[in-house]
Amino acid sequence: MTLLSKFDSLAADRAALLSTGFDPFGIPIEQIYSPTEALIKGRRILLAGTNNYLGLTFAPECIQAVHEAIDREGTGTTGSRMANGSFAGHRALEQELADFYECRSAIVFTTGYQANLAMISGLARAGEDTLLIDADCHASIYDGCRLSGADVIRFRHNNVADLDKRLRRLGDRAAGALIIVEGIYSMLGDRAPLADFVDLKNTYGSYLLVDEAHSLGVLGHYGRGLVEETDLINEVDFIVGTFSKSLGSTGGYCASNHPELDLLRYTSRPFVFTASPPPTVVASTRAALPLLREGVVLRKKLWENARRLYQHLDGLGYKLGPEPSPVIAVLLESREQARALWEGLFEHGIYVNLIFAPATPGNESLVRCSVSAVHTGEQIDHICQAFAELRELASAS
Amino acid sequence: MTVKYDEILDRLGLHLQQVAGTKLEFDEDTNLIEGLGLDSYKVLDLMLEVEDEFDISVPMNLLTDVHTVRDLAQLIEQLKPAQ
């Protein structure tokens, strides 16, 4: 196999995918109208697959902050913080995130993917450390583990007994190992049994990192995620998250009480060697954070929408993720079935996510919806109606 | 090959049959991906079963050198504490 010949089979798969005129994995959005509507292939499409949980991408406060930032500070930072310095906005956002979690400090990263890459590879070292990760963790966590070179042990998804068993097998190495879980899992929308994992990490003297990418803004009175909902903020060693979902911009962060967090600024290669977030992104995120924190009404509406759609799909007999959440995954036995349902929904004017095995838990393919607080009742009705009309189509494929 | 290795191979074989299907034949030289039709995620799920079967931890990073059934059996032999 040569450098490029390995792409032959992927090229064939892609050609088959494009033969119907759709690329579900790179849908061209011609114009975005709002957090829930866009022009796609000349049609006004309802967006139900964008993880825009609070609908803040068009918040006037954020847009105004971006306008002011670009006039004041220009379009970019043109390099890393180590080389080009930290703008006032970078430092302010880090302090605001630390205050938000009532933690000692926080670090901002340029993307959410990079936050996991930087934290895990910065904390763990080859030949010294052990990482224990939930089997359903996001690719950024797997990639961070790989970059670290440390020993990586995978445990069965959300299975406390399984993690216990694997910690026991480590013997003395369990003390000091880093356990990594997520607040809400991106594929099936279920949440980690965090209190049980905290008990285990305390029993073995391990550390715990929780990725709140999909739970920030979604769980907890102030939207701080599963750590707040379970009242375990001070029990978790490292809280990682992203700006690209509930905060409506792009970027990532880690908050922690460990003073060593600030030393990662000098040792974590994904932080040191990446251009820092531009002023516009920082400004938008800073404007969105108080909206998220005070967004009690938005969270209430988000959960009303999520429960309503989940219960409707459940009632129709679709196989779903294990619990209601703003991430609602419909599990299908084959790629063809998933593709047919995805196309059917698009024909009904609805965009959701199509995810094929093996990039999914188990061996099933997914049609994944994400619900927003700013979806109207009529929009949720429309999604429910489309799934009802497509029920037989999905079964027969 | 020692008896211990053969025992590992026998016990490993039962799990490989489960993930690859009972009709598929394989030997020590069979490649896990190409020979058994497993993708990388199925190999990781297989490893959860294998770890429990032998009560060992197999770090994912060690799997980069595992290509065949023999490679896997030898890795288990190496990681399995002497009984």
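Heavy-atom contacts from other residues, nucleotides or ligands closer than 6.0 Å to CG of B/Asp10 number more than 12. For A/Arg168, the CZ atom sits in a packed shell: over 12 heavy atoms of surrounding residues, nucleotides or ligands are nearer than 6.0 Å.
In this structure, the side chains of A/Ile141 and A/Glu182 come closer than 4.5 Å at one or more pairs of heavy atoms.
Taking the six-membered ring for Trp and the full ring otherwise, the centers of A/Tyr207 and A/His258 sit less than 6.0 Å from each other.
Looking at A/Ala126, there are no atoms closer than 4.5 Å to chain B (heavy atoms on both sides), in backbone or side chain. Neither the backbone nor the side chain of A/Arg146 comes within contact range of chain B; no heavy atom of the residue lies under 4.5 Å from a heavy atom of that chain.
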Could you go through residues 54-63 of chain B and list every donor-acceptor pair under 3.5 Å that involves a side-chain atom there, pairing it with any protein atom two or more places apart or in another chain?
unit_1: B/Asp55; atom_1: OD1; unit_2: A/Arg169; atom_2: NE; d: 2.7
unit_1: B/Asn61; atom_1: OD1; unit_2: A/Val152; atom_2: N; d: 3.0
unit_1: B/Asn61; atom_1: ND2; unit_2: A/Asp151; atom_2: OD1; d: 2.9

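Proximity to chain B at a heavy-atom threshold of 4.5 Å picks out A/Ile153, A/Arg154, A/Phe155, A/Arg156, A/Asp162 from residues 153-162 of chain A, in numerical order. At a heavy-atom cut-off of under 4.5 Å, chain A is reached by B/Tyr41, B/Lys42, B/Leu44, B/Asp45, B/Leu48, B/Glu49, B/Glu51, B/Asp52 from residues 40-52 of chain B, listed in order of number. Using non-hydrogen atoms only and a strict 4.5 Å limit, no part of residues 184-206 of chain A faces chain B.
Side chain to side chain, B/Asp71 and B/Thr68 meet the donor-acceptor criterion of an N or O pair below 3.5 Å. Checked by atom type, the side-chain pair A/Asp143/A/Ser140 shows no donor-acceptor distance below 3.5 Å.
A donor-acceptor pair under 3.5 Å is absent between the side-chain atoms of A/Ser121 and the main chain of A/Leu147, judged by distance alone. Side-chain atoms of A/Thr274 never come within 3.5 Å of backbone atoms of A/Phe271 as a donor-acceptor pair (strictly under, hydrogens ignored). Between the A/Lys245 side chain and the A/Thr242 main chain, no donor and acceptor come within less than 3.5 Å of each other.
Taking all atoms of both residues into account, the shortest heavy-atom contact from A/Ala338 to A/Leu332 is CA-CD1, 3.5 Å.
Paired with B/Ile76 under the rule side-chain contact (heavy atoms from CB on, under 4.5 Å), one option of B/Ile8, B/Val66, B/Leu9 passes, and it is B/Ile8.
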Practice prompt. Verify side chain to side chain contact (heavy atoms under 4.5 Å, CB included) between A/Leu178 and A/Ile133, making sure each step is shown before the conclusion.
Written response: CA-CA 8 Å; A/Leu178 177 64; A/Ile133 65 170; over 6 Å; no
Item to complete: Report the C-alpha separation of A/Glu333 and A/Lys319 in whole Å, then their side-chain angles, then the decisive distance to 0.1 Å, and conclude whether the salt bridge (charged side-chain N to carboxylate O under 4.0 Å, His left out) test is met.
Response: CA-CA 10 Å; A/Glu333 290 177 3; A/Lys319 185 178 178 185; over 6 Å; no
